[in-house]
Amino acid sequence: MSNFDEMDAFDGASVPLSQRAMSARPMPYLDGLNPAQREAVETLNGPVLMLAGAGTGKTKALTTRIVHLMNASKARPNEILAVTFTNKAAREMKNRVGGMLGQSIEGMPWLGTFHSICVKLLRRHAELVGLKSNFTILDTDDQIRLLKQLLRAESIDDKRWPARMLAGFIDGWKNRALTPDKVPSADAGAYNNRGTEFYEMYQKRLLELNAVDFGDLLLHVVTIFQTHDDILNQYQRWFRYILVDEYQDTNVAQYLWLRLLAGGHKNICCVGDDDQSIYGWRGAEVGNILRFEKDFPGAKVVRLEQNYRSTPHILAAASNVIAGNEGRLGKDLWTASEEGEKVRLIGHWDGEEEARWIGEELEAMQGGARGMRPISLDDMAILVRASHQMRAFEDRFLTIGLPYRVIGGPRFYERMEIRDAMAYFRVVTSPDDDLAFERIVNTPKRGLGDKAQQKIQMAARENGVSLLEGARIIVDTKGIGGKGGTELGKLVDGIARWSALTRGPLMANVIDDDAVLDDGPTFTQPEYGPPEMGHVELAQVILDESGYTAHWQNDKTPEGPGRLENLKELVKALEQFENLQGFLEHVSLIMDNEQEKDEPKVSIMTLHGAKGLEFPAVFLPGWEDGLFPSQRSMDESGLKGLEEERRLAYVGITRAEELCTISFAANRMVFGQWQNALPSRFIDELPEDHVDVLTPPGLYGGSYGAAGMGMGGGSGRSDLEQRVQDANVYNSPGWKRLQARKDQRPMGQPSEAKNITIDMTAVSSFSIGERVFHQKFGYGAVIGIEGDKLEIEFEKAGIKKVVSRFVAAADAADDIPF
DNA sequence: TCTATGTCGATTTTT
DNA sequence: TCGACATAGA
């Protein structure tokens, strides 16, 4: 039996004596909690559902609960399983628990994301599902490429039946914990009736490659638990307490995983908010949280309803909108904070004007508008439904020189050059990684095209070895002649050389005893001696000697310098790891990129990306039916889809602390066509008493006067019903006429007459004709100067007006060092 | 084998 | 409109 019950079970390294002494005394960390939070923290045994509304201090309750568990000697740190969805959340929890304990905690090996914990479990038991413990983890991109290969081999027309679609089905099944043999007959028609067939082939291929995709991490572990009682039992006993963050976002596989693990003692505490479930399209089941009390009989439900984030007006607006959803668990958020400003609502002529207005608002608020305190750009955010809406803001902010940061765009580790570089590292650390080899074999161009690569494939298959080995055979037998042959030889030799440099000799197998009961088996991990060359230096050598660095140095596209910059950053990031393997392991699971925080910038992100964040001032543009709620969501998922959109609206509004501004435009350029739209139906759901309707600046006095539009000169109508009527006017003949007039406006001409003031202090140092470089638009020539604004004819992007501080002289950009 | 042109299609994306 | 991707020519 284990030594759970002895106090001595706490080893000195993870819980210091001072902590142990504390457990006998009152618990000061409980003092800062409100009654509900306190109840959630103190109900340690049995199932607990913590329903935590937006901004109600859920992380605080969760972390305090962990501290309390340890402090009350209920469990050792390594017997607590705490699961999150994002690495960010895991990191934050770790930091906060560490902070409360007054030291960093090394002893919580089981605090992490579903995926990272599954990797750990799967490495131990890999052989039970036909894998080796050093399996590689494929990301979405690898997954699609693999599927494309499969489909090509079956001569499937990937126009009609895209690999992406198949990947969607497979992910869907994996989310529901369905192995190929368990896919229900109702899904038999998927992917032209061949979905399950390909699913099976794909799984087989993954095993051959000793690889798993994200879905497999969960699925394999669930399979192991379901088929090996002894192993499940061991973990059930080991994890004495289980905590789950964002429970509303769990999918079926994750739900099963949790149920299996909690099946013994049932000490499971799930935290979530059904109103913030916005990942249904990714397989999340709101039903999991709605059903909690049935799944775990005797569950205690604690509601956290005191909101510490937003003003009453903002809360009221959010609550009113979300009230439109059926079947909620229901919460009444309240706050003790003072009134503040009402939620502001404003309609615009078009998306361009919306962006312009928001830009002006941002600038005004920086300086402290309407008697409000000045707000830093860091404290303001623009939250959009779909990422393509971001462009309008980027364009606008670029021209007025307003610093912004886009959060969530193409992530660092998803960029081409980073993925290429990592593929090199992968081949070097695990020579069997065929996908990585394939990626780099002709990158940079080595004269190895389809034919050459097929030869390598053949050689590998005939000899039953990896592609790298196959390539070596080709080289030895001179199977490929000319330039390609020589280059391949160089590459194969290079990989062998770099490989030899990655690790020192095998020193020992170290026993890993987290979650190993005394009567259970043991697990070991190899440990290597020091390598001859530091891994950071090695990485640089690999990139240089392979010709990859040179490839981008010779690149003439505007992206070239940026890509070199990214590679430099990648090498720098390596410093935080012990070796290349450790880095790759980390990266395959951690795809988030920390943005540098230099000068204050306004954040632009999607509503999804904003979950869990908060800002004093929030702008919610694009509230138009079809865009938000998204037409596609409603078409595909009907009422369910609409309700998820509504929850998205709820998430958006509740991100705001002090000021929330919702806006919509009557006209918007969609795929190069002008489209007009009605204001979002969610606007009708905003409570009048808590909303100020602002009058669009363009509607009076401006070049598109209110005359003839029945808008009555825009005298303060704060009555929402009136506004909705007004909004409908946007579809009236009068507006249509205006729209037509606007469309005739010559391209590039500003839609308002504006006096250009030349600020002599900011006159640019550029001259007409000078070649310049711009981060976003690339290279171009200056063709006009107005104060600090330059008119530039870009080679790729056409003519744009840009603030000079965003532009560098071209030769300066040319020698970005690497 | 590499580079230029055309066609198609287009949310949200924690890992 | 813009970008990704596929096919056609050099």
Side-chain angles (χ1 to χ4, degrees), chain A residues 83-90 112-119 137-141 143-144 148 152 157-160 162-164 168 171 174-175 212-218 245-246 248-251 253-254 276-284 383-392 408-411 413-414 416 442 444-453 480 482-484 487 586-592 605-612 622 626-637 641 644-645 647-648 651-652 668-675 747 796-798:
Chain A
V83 226
T84 64
F85 275 84
T86 66
N87 293 291
K88 207 172 133 199
T113 63
F114 276 101
H115 294 266
S116 64
I117 289 169
C118 282
V119 171
I137 302 163
L138 306 188
D139 61 27
T140 320
D141 212 73
Q143 187 192 18
I144 299 284
K148 275 193 176 153
R152 199 160 303 163
D157 175 8
D158 73 4
K159 277 257 161 70
R160 252 175 85 78
R164 241 164 232 299
D171 284 345
K174 289 186 176 177
N175 285 337
V212 297
D213 61 24
F214 287 133
D216 282 338
L217 291 173
L218 261 301
D245 193 14
E246 306 281 14
Q248 77 282 353
D249 289 337
T250 50
N251 61 32
Q254 287 155 341
Q276 291 187 67
S277 162
I278 54 174
Y279 284 102
W281 51 277
R282 247 182 149 256
L383 312 182
V384 297
R385 171 69 248 261
S387 47
H388 63 76
Q389 292 171 259
M390 293 179 181
R391 184 179 305 164
R411 278 192 280 264
Y413 290 111
E414 280 168 8
M416 191 203 322
N442 200 31
K445 302 274 185 288
R446 293 193 173 86
L448 297 160
D450 280 352
K451 243 175 70 195
Q453 290 187 37
I480 296 172
K483 182 172 168 261
E487 288 292 317
H586 171 85
V587 162
S588 58
L589 290 173
I590 300 189
M591 290 298 219
D592 54 4
M605 63 183 102
T606 63
L607 287 162
H608 286 91
K611 196 167 87 163
L627 183 60
F628 186 49
S630 135
Q631 192 58 50
R632 193 149 153 189
S633 229
M634 295 187 291
D635 290 349
E636 280 172 11
S637 316
E644 183 154 314
E645 296 286 307
R647 291 194 290 267
L648 216 36
V651 167
R668 205 172 279 281
M669 181 81 111
V670 183
F671 304 144
Q673 299 252 232
W674 280 104
Q675 308 234 296
M747 286 295 292
K796 296 259 149 95

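Hydrogens, waters and symmetry mates play no part in the numbers below; they use all other heavy atoms, side chains included. By convention in this document, chain letters (A, B, ...) are assigned in the order of the sequence lines, proteins followed by strands, and residues within each chain are numbered from 1.
The main-chain N or O of A:Lys445 is never found under 3.5 Å from a side-chain atom of A:Asn442 such that the two would form a donor-acceptor pair. In this structure a side-chain-to-backbone donor-acceptor pair under 3.5 Å is missing from A:Glu487 to A:Leu448.
Side chain of A:Trp281, nearest nucleotide from C:dA6, B:dA10, B:dT12: B:dT12. Among C:dA6, B:dT11, C:dC2, the nucleotide with an atom closest to any side-chain atom of A:Arg391 is C:dC2. Of the candidates B:dT13, B:dT15, B:dA10, B:dA10 carries the atom nearest the A:Arg632 side chain, counting heavy atoms from C-beta on. For A:Glu645, the side-chain atoms get nearest to B:dT11 when compared with the rest of B:dT11, C:dA6, B:dT13.
Across the protein-nucleic acid pair, A:Arg152 atom CZ and C:dC5 atom P stand 11 Å apart, rounded to whole Å. Rounding to whole angstrom units, CD of residue A:Gln631 and P of B:dA10 are separated by 15 Å. Going from atom CG of A:Asp216 over to atom C1' of B:dT15 covers 13 Å, rounded to whole Å. A:Leu138 places its CG atom 17 Å from the P atom of B:dT15, with the value rounded to the nearest Å. Following rounding to the nearest Å, A:Gln254 (CD) and B:dT15 (P) show an atom-to-atom distance of 12 Å. To the nearest angstrom, P of C:dC5 lies 10 Å from CE of A:Met416. Nucleotide B:dT12 holds its C1' atom 15 Å from the CG atom of A:Asp635, rounded to whole Å. Between A:Glu487 atom CD and B:dT1 atom C1' there is a gap of 14 Å when expressed in whole angstrom units.
Salt-bridge check for A:Asp213 with A:Lys174: passed, with a basic side-chain N closer than 4.0 Å to an acidic carboxylate O.
Comparing A:Ala452 and A:Phe671 by the nucleotide of DNA chain B whose heavy atom lies nearest to each, the residue mapping closer to the 5' end is A:Ala452. Comparing A:Lys611 and A:Lys451 against DNA chain B, the residue whose closest nucleotide sits nearer the 5' end is A:Lys451.
Residues that satisfy the side chain to side chain contact (heavy atoms under 4.5 Å, CB included) test with A:Arg632, not counting sequence neighbours, are A:Ser630, A:Glu636. In terms of the salt bridge (charged side-chain N to carboxylate O under 4.0 Å, His left out) criterion, A:Arg164 has no residue partners (sequence neighbours excluded).
Comparing the same atom, C1', in B:dT12 and in C:dC5 gives a spacing of 23 Å after rounding to whole Å. Remark: the separation of the C1' atoms in C:dA6 and B:dT11 is 25 Å, to the nearest Å.
Residues A:Gln675 and A:Gln673 have side chains that never bring a donor and an acceptor to within less than 3.5 angstrom of each other.
Relative ring orientation between A:Trp281 and A:His608 is described as perpendicular, the plane-to-plane angle rising above 60° on a 0-90° scale split at 30° and 60°.
Among the heavy atoms of the strands lying under 4.0 Å from A:Thr606 are primed sugar atoms or P, OP1, OP2 only; no base atom is included. Looking at heavy-atom distances under 4.0 Å, A:Tyr279 makes contact with a base.
Residue A:Arg385 places no side-chain atom within donor-acceptor reach of the base of B:dT11, judged by atom type and a 3.5 Å distance cut-off alone.
Residues A:Gln248 and A:Tyr279 are not in side-chain contact: their nearest non-hydrogen atoms beyond the backbone lie 4.5 Å or more apart.
Contact annotation: A:Ser387 side-chain N/O to B:dT11 OP1/OP2 distance is not under 4.0 Å.
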Restricting both atoms to N or O, compile the protein contacts to nucleotides 2-6 of chain B shorter than 3.5 Å, with distance only.
| unit_1 | atom_1 | unit_2 | atom_2 | d |
| --- | --- | --- | --- | --- |
| B:dC2 | OP1 | A:Gly447 | N | 3.4 |
| B:dC2 | OP2 | A:Asn442 | ND2 | 3.4 |

